Amino acid sequence: MSYADVAARNAHQTEEETSHRRAPAVPEIQHDDESVHSLIDVDSPHVSSVPSDFSSQPVQTETQAERQRLEQEARDKAAEAKEKAALKKAQAKKRAGQSWDSLKANSDNPVFVGNAVTIAALGGLLGFGAYRKHIAGELTWKVAGLWAGAVGLFGVADYYVSQ
């Protein structure tokens, strides 16, 4: 059936059918003059005068004084942080030098050399084994946990044997 056929029949809708399709009524705005009372009276003495040398003063407002105080605090904190960083850098260099001296002093100790060789070999073997497991798709968290446990047990045993 075409639109023309329906329009030719001049079908009328009932009141019930038309009431379901209407949009709800738009709410009316209530006009109220109370909001006008909150406006500032321009004739009241809210305007204050300033001294004639106002523009030549270094700090002209409280906001400007507060901003300058905050900027000075920030500069002080930055300088303090820079000093702390320089101190930590010097301490790190000192510790690095001490550890290098410790390595040199223990280079003739057979336990120290044996531990270093054993740790390097164990790390290489574990790394190669993990790579092979990864390529085969068998490297899981369970396998990694077991290997980590084995390394921990080896470390504990090596500590007591080295004593």
Side-chain angles (χ1 to χ4, degrees), residues 16-32 34-40 46-48 50-51 53-163:
E16 183 181 331
E17 292 174 336
T18 58
S19 67
H20 292 296
R21 293 190 178 162
R22 281 191 192 144
V26 178
E28 291 290 323
I29 297 175
Q30 293 180 358
H31 297 285
D32 195 354
E34 290 179 13
S35 62
V36 177
H37 299 294
S38 66
L39 297 176
I40 297 172
H46 289 288
V47 178
S48 59
V50 295
D53 65 341
F54 176 76
S55 60
S56 64
Q57 294 177 352
V59 178
Q60 297 173 347
T61 63
E62 291 175 15
T63 306
Q64 188 178 20
E66 180 68 15
R67 180 182 52 97
Q68 288 178 353
R69 185 187 64 78
L70 291 174
E71 286 175 353
Q72 184 61 39
E73 285 178 8
R75 283 192 293 272
D76 293 344
K77 285 181 183 179
E80 184 179 325
K82 193 174 183 180
E83 290 174 10
K84 284 183 181 179
L87 180 63
K88 286 189 184 251
K89 184 178 178 182
Q91 288 174 346
K93 279 187 177 182
K94 183 179 177 183
R95 276 187 261 132
Q98 287 174 347
S99 61
W100 184 253
D101 292 340
S102 173
L103 286 175
K104 283 183 181 178
N106 287 322
S107 64
D108 59 345
N109 185 351
V111 174
F112 182 79
V113 173
N115 281 343
V117 169
T118 304
I119 289 171
L122 183 64
L125 287 173
L126 285 176
F128 182 70
Y131 176 72
R132 285 188 23 205
K133 289 278 189 186
H134 173 68
I135 294 298
E138 300 171 358
L139 182 61
T140 63
W141 284 108
K142 185 177 181 179
V143 172
L146 289 173
W147 285 3
V151 169
L153 287 174
F154 175 76
V156 169
D158 183 51
Y159 172 76
Y160 286 114
V161 169
S162 297
Q163 292 296 323

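Computed from a prediction, not measured in an experiment: that's the story for all the values here.
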Looking at [atom1] of [X] and [atom2] of [Y], how far apart are the two atoms once the value is rounded to the nearest 0.5 Å?
X: Trp147; Y: Lys133; atom1: CH2; atom2: NZ; result: 6.5 Å
X: Gln91; Y: Leu87; atom1: CD; atom2: CG; result: 4.5 Å
X: Thr140; Y: Glu138; atom1: OG1; atom2: CD; result: 9.0 Å
X: Leu122; Y: Asn115; atom1: CG; atom2: CG; result: 11.5 Å
X: Lys84; Y: Lys77; atom1: NZ; atom2: NZ; result: 11.0 Å
X: Arg75; Y: Leu70; atom1: CZ; atom2: CG; result: 10.5 Å

Original post:
Are Gln72 and Arg69 close enough, and set up right, to give a side-chain hydrogen bond (donor to acceptor under 3.5 Å, both in side chains), and what steps lead you there?
Top reply: CA-CA 5 Å; Gln72 184 61 39; Arg69 185 187 64 78; over 6 Å; no
Taking it one step at a time, do Asp158 and Thr118 satisfy side chain to side chain contact (heavy atoms under 4.5 Å, CB included)? CA-CA 10 Å; Asp158 183 51; Thr118 304; over 6 Å; no
>> Run the side chain to side chain contact (heavy atoms under 4.5 Å, CB included) test on Gln64 and Gln68 for me, step by step, so that the C-alpha distance in whole Å, both residues' side-chain angles and the decisive distance to 0.1 Å come before the verdict.
In response: CA-CA 6 Å; Gln64 188 178 20; Gln68 288 178 353; 4.1 Å; yes
_Counting only heavy atoms not in Phe154 (residues, nucleotides, ligands), do more than 12 fall under 6.0 Å from its CZ?_
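Yes - once you tally the heavy atoms of other residues, nucleotides and ligands closer than 6.0 Å, there are more than 12.
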